[in-house]
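Take a look at the structure set out below.
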Amino acid sequence: MSGRYNFRESETKWQQLWEDRGVFRAVADKARPKYYVLEMFPYPSGRIHMGHVRNYTLGDVVARHRRALGFNVLHPMGWDAFGLPAENAARDQKIHPAKWTYDNIATMRGELKRMGLSLDWTREIATCHPGYYAQQQALFLDFFAAGLVHRKEAFVNWDPVDQTVLANEQVIDGKGWRSGAPVEKKKLSQWFFKITDYADDLLGALSTLTRWPEKVRLMQDNWIGKSSGAFVRWPLVGREDKVEVFTTRPDTLYGASFVALSPDHRLTAELAAKDPNLAAFVAKCQSMGTSAVAIEQQEKLGYDTGLKAKHPLVPGLEVPVWVANFVLMDYGTGAIFGCPGHDQRDHDFASKYGLAIKCVVAAPDGALDVTKEPYVGPGTIVNSDFLDGLDVETAKTKVGARLKELGAGEPTTVWRLRDWLVSRQRYWGCPIPVVHCGSCGVVPVPKDQLPVKLPDDVNFDKPGNPLDHHPTWKHVACPSCGKPARRETDTFDTFVDSSWYFARFCSPRSDKPVDADAVDYWMGVDQYVGGVEHAILHLLYSRFFTRAMRKTGHVKLDEPFAGLFTQGMVCHESYKSADGKWLYPEEIERKAEDLVIETATGKPVTVGRREVMSKSKKNVVAPARIIDEYGADTARLFMLSDSPPERDLEWSEAGVDGAFRFIQRMWRDVAEPAVPFAAKDAAKPAALAPAVDAAWRQIHKTIAAVSENLEGFRFNVAVAQVRSLANALGELDPNAAGADWVRRQGYETLVKLVGPMVPHLGEELWAALGHTTLLCQEPWPKADPALLVDETITLAVQVNGKLRGTIEAKRDAGENDVRDAALAIPTVQAAMAGKPLRKLIVVKNKIVNIVV
RNA sequence: GCCCCCUUGAUGGAAUUGGUAGACAUACAAGACUUAAAAUCUUGAGCCUUCCAGGCGUGCCGGUUCGAGUCCGGCAGGGGGCACCA
């Protein structure tokens, strides 16, 4: 009976040794190629969850592999430490947000350390630390000076529960992303970053991000939402001014039958001032707001203002001007022309209010009645004067040119992307470093007065912003004129904090936002790893920030993340007790395939479908428990096995057991072999038995395959190949010629290959093999190309495309060499049934196909 | 509604990118060891027909090809993103 691998003892021992020797400390060295591996830093919510374990395991495999390949690796960790939950905890549990946050960080740091990640902890940062946010404020001042920041009155999304403003992207189905409360519209003065200045660049550069998932690039493309079209100005009858509309279909201009304004349009407001009915209509539109139900089922509503607009190309044609609830103020110009014949919404609207419906595009495949249904496809322009007979695309260009000639409009491009609203009326965030002065206006806080620190003595009893309630904090002297002034009490959206932390890691203690030498050496991030849920916002904001930092002279590059990998989520079944309460997986017992009971009561449990682990459904497994029971290496190996990393992973106890068994087995095979291996530096024996030679070749094939699969993020395949090698080595007859030497080679290789995946076991086995060096500092094994190709190859023999047998042939054997052997196989002859050979196809080293 | 992706044994998945489908694991079954259990080891298995052997098989229908899980067209189911974006 063999002993057992004591993972508890081993894991602590190696973690301690790595730390004592500082082996993962990153030191810039221009003589060496660098590799920056980064995983998305966690929010310190209290404990790490399985999503973190998966994320950080993936990143750590990359980091350790790259280190072994000779790169100077930067692999840091920090905390996305500002945010609302800390304030909620302060209110609910009477703990100061800072204490709550730093306590959580301490707990989670401990948990991460137990995972054995090869992190440089000396670079740890927390965004809530003044050392970090002071530099963020400095960046803001630079952006402000460079014209990348502006303040404007805007309708904002107001969350009545959290008492704060939300960015558009934080409103999901008309509800606040955290509180879930219906969002209201409110007009407030707010801070914005001019991300729209870079819309074209952010879109265009997506094509250069070749190591990003296609899916993420597409999502960003859609989010930026470039659309080409034209502005068209419609003179108003009886007035001097014009209504400017945006359209992507200028080719349908002759089909226009009305102009519609947004309820929030300037002209609407002006008309409503004199028309109480219109004012009531506008109020109704605004109150319908953005609730989920309203958006989904909102009926098209309109109000005829009585005004007429003159068609810019058709003399004498006048169309009515309506106000319509489906026209958005913040897209295009907040006004449209309606062409009901060729747009679904306009069609719905025109049908409801009895407006004209004209056909100006003829469908290629015949007549279609546009009064019943709009036609939106390509076709030939009709009833449109000089455009008649043209196709849609040509007509667009031609109308654009004509409008420009007449001064009635011009071709243009509009974007879905809006400027980034960054102010939040919250305490636990980075203060926006400006002062409002009665005489000087908005005054930036001078850099030598940074950081603008958050006050410690705050009170969360009142709703709203504690900074605003604070008795003294906001009262300061104007930095410009010295008169009494008021500090800005808004803090930054926490997405600002995470938009540059990757750059800060290069020089985390610098008294500038970034140290030029450090950032030039380490940036960009060679491999970024994180959840696909950040595919749009965080990544887009970071791309913008990097451009803004370039404009303000902090960095020399545009794109922060050269390589991106988005991992799948960790899923688990959910369980509901007989009385409808969610149960944790450890509160249930599986009695049979289809019988699950609650351990405490013995009553049956309803098993829900597999879905993402979430606290609310209690379908979570605590990483700490798994590490206690099985060890960090088991947790890591399980995360890497079976499921491709980009797909969702089903958590299963059986899978964990499987990983644990493999770890135990490797330990037995290497640390307690029944028959000893050859000595560490023994020379290759002159003769290898055939099976031994095959194993020798397999070792090298496995090196090649695992290397390739690690680079391609196919970690599940790499694990499978390692297991195959372990199987092959285990099956070797230890007494065969050369077996002891090949087993030594094989297990040394095996240990090196699994090192990045199960680093503690790796070190333990490396030592057991007689080495005094650290495995994590050993170079990656090299495959001998000569051993990757076999001398004899098994060829498949097909008859008419169906497999009928196999033959052994020398490598690169040609048709003449294999022909007779293939035709001689009895099953092949049977399949040919005496029919004459028509054609013989030989694909070298692969297949022979006999066509009869 | 628009855009994108996916679909392979009981389960997770593999398949050198058009060349022996099901590697590797999980679950299962049988056996060995054990007083017993755990652990470990051995063996089995895509489905169908009784065996030798053969037939069928990568969501469904069709196509290209000597040869299709892989390429093309259509359909169905599942997932994701955006959503009154003019």
Side-chain angles (χ1 to χ4, degrees), chain A residues 1-2 4 173 213-223 225-227 229 232 245-250 252 260 262 295-296 298-300 324-328 330-339 342-346 348-349 376 414-418 532-533 535-536 593 638 641-644 646-650 652-659 661-662 664-665 668 701 704-705 708-709 714 716-727 730 794-806 827 830-831 838-852:
Chain A
M1 194 80 228
S2 54
R4 285 195 114 188
D173 282 341
E214 187 59 46
K215 184 171 110 173
V216 173
R217 287 189 278 166
L218 192 75
M219 281 161 74
Q220 294 217 348
D221 191 321
N222 290 338
W223 187 263
K226 180 178 187 171
S227 50
V232 185
V245 307
F246 171 73
T247 178
T248 55
R249 293 295 303 275
T252 63
S262 163
I295 277 186
E296 246 170 66
Q298 214 170 78
E299 201 188 347
K300 291 193 173 41
N325 66 339
F326 67 92
V327 182
L328 304 176
D330 46 10
Y331 186 76
T333 60
I336 61 160
F337 79 76
C339 177
H342 306 284
D343 181 280
Q344 185 66 53
R345 291 156 310 180
D346 297 348
D348 296 347
F349 191 76
V376 297
V414 303
W415 306 84
R416 190 183 165 283
L417 183 72
R418 323 275 162 73
V532 72
E533 65 273 20
I536 299 175
E593 186 71 8
F638 172 70
S641 306
D642 295 346
S643 283
E646 70 277 10
R647 279 199 223 168
D648 285 353
L649 172 96
E650 166 74 1
S652 78
E653 212 70 24
V656 178
D657 286 337
R661 278 201 296 270
F662 186 53
Q664 292 294 342
R665 182 192 156 183
R668 276 194 313 272
K701 286 179 192 164
E708 205 174 289
N709 284 313
R714 291 177 295 271
N716 56 321
V717 186
V719 170
Q721 282 153 340
V722 163
R723 296 183 96 126
S724 290
L725 179 62
N727 290 346
T794 309
L795 292 184
V797 180
Q798 300 178 332
V799 177
N800 286 345
K802 285 192 180 164
L803 182 74
R804 298 296 169 180
T806 58
T827 49
R838 258 203 334 172
K839 200 172 171 187
L840 187 80
I841 293 157
V842 178
V843 181
K844 259 187 198 169
N845 303 330
K846 285 196 173 148
I847 205 160
V848 179
N849 193 8
I850 296 160
V851 186
V852 294

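The sequence lines fix the lettering, A, B, ..., with proteins before strands; numbering per chain opens at 1.
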Pick base, sugar-phosphate or nothing for [X], based on heavy-atom distances below 4.0 Å to the nucleic acid.
| X | value |
| --- | --- |
| A:D346 | nothing |
| A:R661 | sugar-phosphate |
| A:S641 | nothing |

For the pair made of [atom1] in [X] and [atom2] in [N], what is the distance, rounded to whole Å?
| X | N | atom1 | atom2 | answer |
| --- | --- | --- | --- | --- |
| A:N845 | B:U20 | CG | C1' | 14 Å |
| A:I850 | B:C66 | CD1 | C1' | 11 Å |
| A:W223 | B:G81 | CH2 | C1' | 10 Å |

For [N], does OP1 or OP2 lie under 4.0 Å from any side-chain N or O of [X]?
| X | N | answer |
| --- | --- | --- |
| A:N709 | B:U16 | no |
| A:K215 | B:C6 | no |
| A:S227 | B:A86 | yes |
| A:R416 | B:A83 | yes |
| A:R668 | B:U40 | no |

Problem set entry | Chi-based syn or anti call at B:G9, which uses purine or pyrimidine torsion atoms and a 90° bound |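 Syn conformation for B:G9.
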
Exercise. Partner of B:A36 by Watson-Crick or G-U wobble geometry, both contacts under 3.5 Å, or none?
Worked result: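 Checking every strand shown, B:A36 finds no partner, since no pair has both distances under 3.5 Å.
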
Among [options], the one nearest [X] by side-chain distance:
| X | options | answer |
| --- | --- | --- |
| A:K802 | B:U20, B:C56, B:G19 | B:C56 |
| A:I841 | B:C84, B:A25, B:G19 | B:G19 |
| A:L328 | B:A23, B:A86, B:A25 | B:A86 |
| A:A720 | B:C24, B:U26, B:C66 | B:C24 |

Exercise. For the atom pair CG (A:D330) and OG1 (A:T333), what is the distance rounded to the nearest 0.5 Å?
Worked result: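 Between atom CG of A:D330 and atom OG1 of A:T333 there are 11.5 Å.
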
Exercise. Can a donor-acceptor pair under 3.5 Å be found between the side-chain atoms of A:N849 and the base atoms of B:C66?
Worked result: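 For A:N849, whose side chain was compared with the base of B:C66, there is a donor-acceptor pair (under 3.5 Å).
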
Exercise. When you compare B:U70 with B:G22, how far apart are their C1' atoms, in angstrom units rounded to a whole number?
Worked result: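 15 Å, rounded to whole Å.
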
Problem set entry | C1' spacing across the pair B:U64 / B:A27, given as an integer number of angstrom |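 Result for the C1' pair: 41 Å, nearest Å.
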
Exercise. Do A:K300's NZ or CZ and the ring of A:F349 fall within the cation-pi criteria of under 6.0 Å and 45°?
Worked result: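 Ring-cation test returns no.
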
